[in-house]
There are 2 protein chains.
Amino acid sequence: MGPKYSSSRENYLKAIFHLQEIHGTVTTNDVASEMQTRPASVTDMLKKLKAQKLLLYEKYKGFKLSTEGRKVALQIIRKHRLWEYFLVEKLRFGWDEVHEMAEELEHISSKKLVDRLDEFLGFPKTDPHGDPIPDSQGRFTLPRQVDLLNLPVNQQAEVSGIGDQSAEILELLNHKHIALGTRLEVKKKFAFDNSLELKIKNQSPVTISEHVAKNVFVKYEE
Amino acid sequence: MGPKYSSSRENYLKAIFHLQEIHGTVTTNDVASEMQTRPASVTDMLKKLKAQKLLLYEKYKGFKLSTEGRKVALQIIRKHRLWEYFLVEKLRFGWDEVHEMAEELEHISSKKLVDRLDEFLGFPKTDPHGDPIPDSQGRFTLPRQVDLLNLPVNQQAEVSGIGDQSAEILELLNHKHIALGTRLEVKKKFAFDNSLELKIKNQSPVTISEHVAKNVFVKYEE
DNA sequence: AATAAAATTTAGACAAATCTAAAAAATAAT
DNA sequence: ATTATTTTTTAGATTTGTCTAAATTTTATT
Ligand SMILES: [Mn+2]
Ligand SMILES: [Mn+2]
Ligand SMILES: [Mn+2]
Ligand SMILES: [Mn+2]
């Protein structure tokens with residue numbers, strides 16, 4: 001037997017899941033923009049997902065994933081993040097190079113394969129961008145973290161996640177030697193443009209814009 | 001950019017390549033039977049592959065892969081066999097379990113990913129069924145080997161390849177402890193049904209049918 | 001409340017890959 | 001050399017996923 005759902009359907013489920021998580025609610029336009037497609041195409045797909053009972057949908061009134069749809073979405077996300085981890089930890093790709101490949105690998109259907117991969121990798125908790133990897137049953141925990149704008153000045157903290165994960169921001173962070181696990185503290189906040197000056201051990205201070213700061217998440221004690 | 005050719009087109013190229021290798025020539029019906037599809041569907045696809053210059057094709061007269069088509073086919077085969085090797089050596093699957101998964105994985109498009117995987121695996125020469133893995137340029141060498149029917153009696157030899165690779169024969173070979181690399185010799189040939197009695201070191205003799213013997217290839221010195 | 005704007009859905013079209021049934025060509029048998 | 005059989009191709013449908021343009025519904029503004 002091949003995959004249960006087409007790659008396209010799986011991509012929609014994943015997009016809807018993410019938008020639900022972020023905004024609490026999703027619209028047709030949201031999905032269209034996230035998927036780089038047309039609202040009419042989204043509506044077409046909503047009907048198909050509803051027919052498969054993956055989505056609760058009343059036309060013009062809104063939609064959300066069904067229990068089953070959420071379950072399927074989490075399995076795709078699990079695969080996506082495990083493959084990203086594999087690419088970075090075993091094949092030594094950079095964290096800014098793996099997304100496109102994982103976008104294809106996440107559609108490989110064998111559940112047994114994913115579970116064996118998970119085991120091979122030592123059951124990692126988070127992917128190379130700090131995002132939690134759902135376990136075999138789809139369970140995961142959201143890490144408590146704050147973005148750099150909300151980190152108190154002079155408070156040591158460890159980078160634990162990235163919001164926007166475009167290759168562009170990841171490349172910028174690479175350049176400034178900011179990676180997952182990097183320990184740093186905010187030394188100064190400039191009220192003029194909300195830019196920040198950071199200190200990383202054994203490095204000279206670096207400056208980042210408000211836009212970057214909003215997308216770097218850290219955790220810290222106390 | 002996504003994949004250059006659809007999974008379906010890639011599967012056709014691979015099937016045509018294999019049939020060409022075995023029979024020297026391929027027919028529409030051959031491909032249909034190999035791909036479990038209809039001759040009419042094959043003709044449809046032949047036209048598409050021709051339009052993409054992957055196939056040399058004159059209707060009613062026959063067809064074969066172009067240089068480019070052969071190159072693409074070899075890259076798919078390379079990916080198929082490297083992923084099979086990964087599944088067996090790293091994820092500890094049995095050689096009878098990996099084909100279906102590799103059938104999906106072979107369509108992952110990134111060339112860089114395959115080359116890194118190859119490196120990670122230590123540039124293996126053959127897949128878990130003894131089939132040669134083409135290198136990054138598509139080069140490979142066919143191993144010199146004979147099937148068990150043609151192995152002289154009492155000649156020590158090492159299993160180096162399997163013809164028919166259905167899960168059924170692989171499971172049978174598993175049961176009889178015949179795997180790639182197994183050292184064995186033929187002790188007796190029964191003229192009645194061409195069945196063979198084999199001896200594997202530290203094991204009691206096993207009997208295999210002519211049908212099985214034809215599909216087990218070995219290499220030996222002198 | 002009426003109107004304007006935005007969001008969403010429908011209608012109708014198209015490309016890819018497949019199918020069935022029928023026609024055409026090639027091959028085999030008389 | 002005809003005729004019969006097999007192989008291959010065409011004609012016309014179907015399914016999935018997408019699109020544009022137009023219609024409908026909801027929401028925001030006067
Ligand atoms: Mn994807
Ligand atoms: Mn990630
Ligand atoms: Mn395949
Ligand atoms: Mn193989």
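Predicted model only: the values in this text are computed from it and were never measured. We name chains A, B, ... by the order of the sequence lines, and we start the count at 1 in each one.
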Q.
I want to check one thing: is the phosphate of dT9(D), taken as OP1 and OP2, less than 4.0 Å away from some side-chain N or O of Thr28(B)?
A. yes
Closest non-hydrogen contact found for Gly138(A) with Leu74(A) is O-CD1, 3.5 Å
In whole angstroms, the gap separating P of dT9(C) from CE of Met45(A) amounts to 14 Å
Between NZ of Lys48(B) and P of dT10(D) the distance, given in whole Å, is 13 Å
ask   = Cationic tip of Arg70(B) within the cone over Phe17(B)'s six-membered ring, i.e. under 6.0 Å and within 45° of the normal?
value = no
Taken to the nearest whole Å, CD/Glu58(B) to P/dT9(D) is 11 Å
Legend entry - SB check Lys14(B) Glu103(B) (cutoff 4.0 Å): yes
Could you tell me whether Tyr57(A) contacts a base, only the sugar-phosphate backbone, or nothing, with contacts defined as non-hydrogen atoms closer than 4.0 Å? sugar-phosphate
> Can you find a side chain N or O atom of Ser8(B) that sits less than 4.0 Å from OP1 or OP2 on dT18(C)?
Replying inline: yes
Between CD of Glu10(B) and P of dA16(C) the distance, given in whole Å, is 16 Å
If only side-chain N and O atoms count, and only distance matters, is there a donor-acceptor pair under 3.5 Å linking Glu171(B) with His175(B)? no
Please tell me if Ser6(B) has a side-chain N or O lying less than 4.0 Å from either OP1 or OP2 of dA16(C). no
### Query
Just by distance, do the side chain of Asp127(A) and the backbone of Glu84(A) share a donor-acceptor pair under 3.5 Å?
no
Nucleotides 20-26 of chain C: which of its N/O atoms have a protein N/O under 3.5 Å away?
unit_1  : atom_1 : unit_2   : atom_2 : d
dT20(C) : OP2    : Arg38(B) : NE     : 3.1

Exercise. For the pair His129(B) (side chain) and Gln165(B) (backbone), establish whether a donor and an acceptor sit closer than 3.5 Å, ignoring hydrogens and angles.
Key: no
Out of dT18(D), dT8(C), dT9(D), minimum distance to the side chain of Thr27(A) belongs to dT8(C)
Leu46(B) CG to dA16(C) C1', in whole Å, measures 16 Å
**Prompt:** OP1 or OP2 of dT9(C) sitting under 4.0 Å from any side-chain N/O of Lys47(A)?
**Reply:** no
- Task: Please check the phosphate of dA16(C) (OP1 and OP2 only) for any side-chain N or O of Tyr12(B) closer than 4.0 Å.
- Result: no
Taken in chain and number order and not counting sequence neighbours, the residues that satisfy salt bridge (Lys or Arg N to Asp or Glu O under 4.0 Å) with Glu104(B) are none
Checklist entry - Quick one: is dT8(C) close enough that its OP1 or OP2 comes under 4.0 Å of any side-chain N or O from Asn29(A)? => result yes
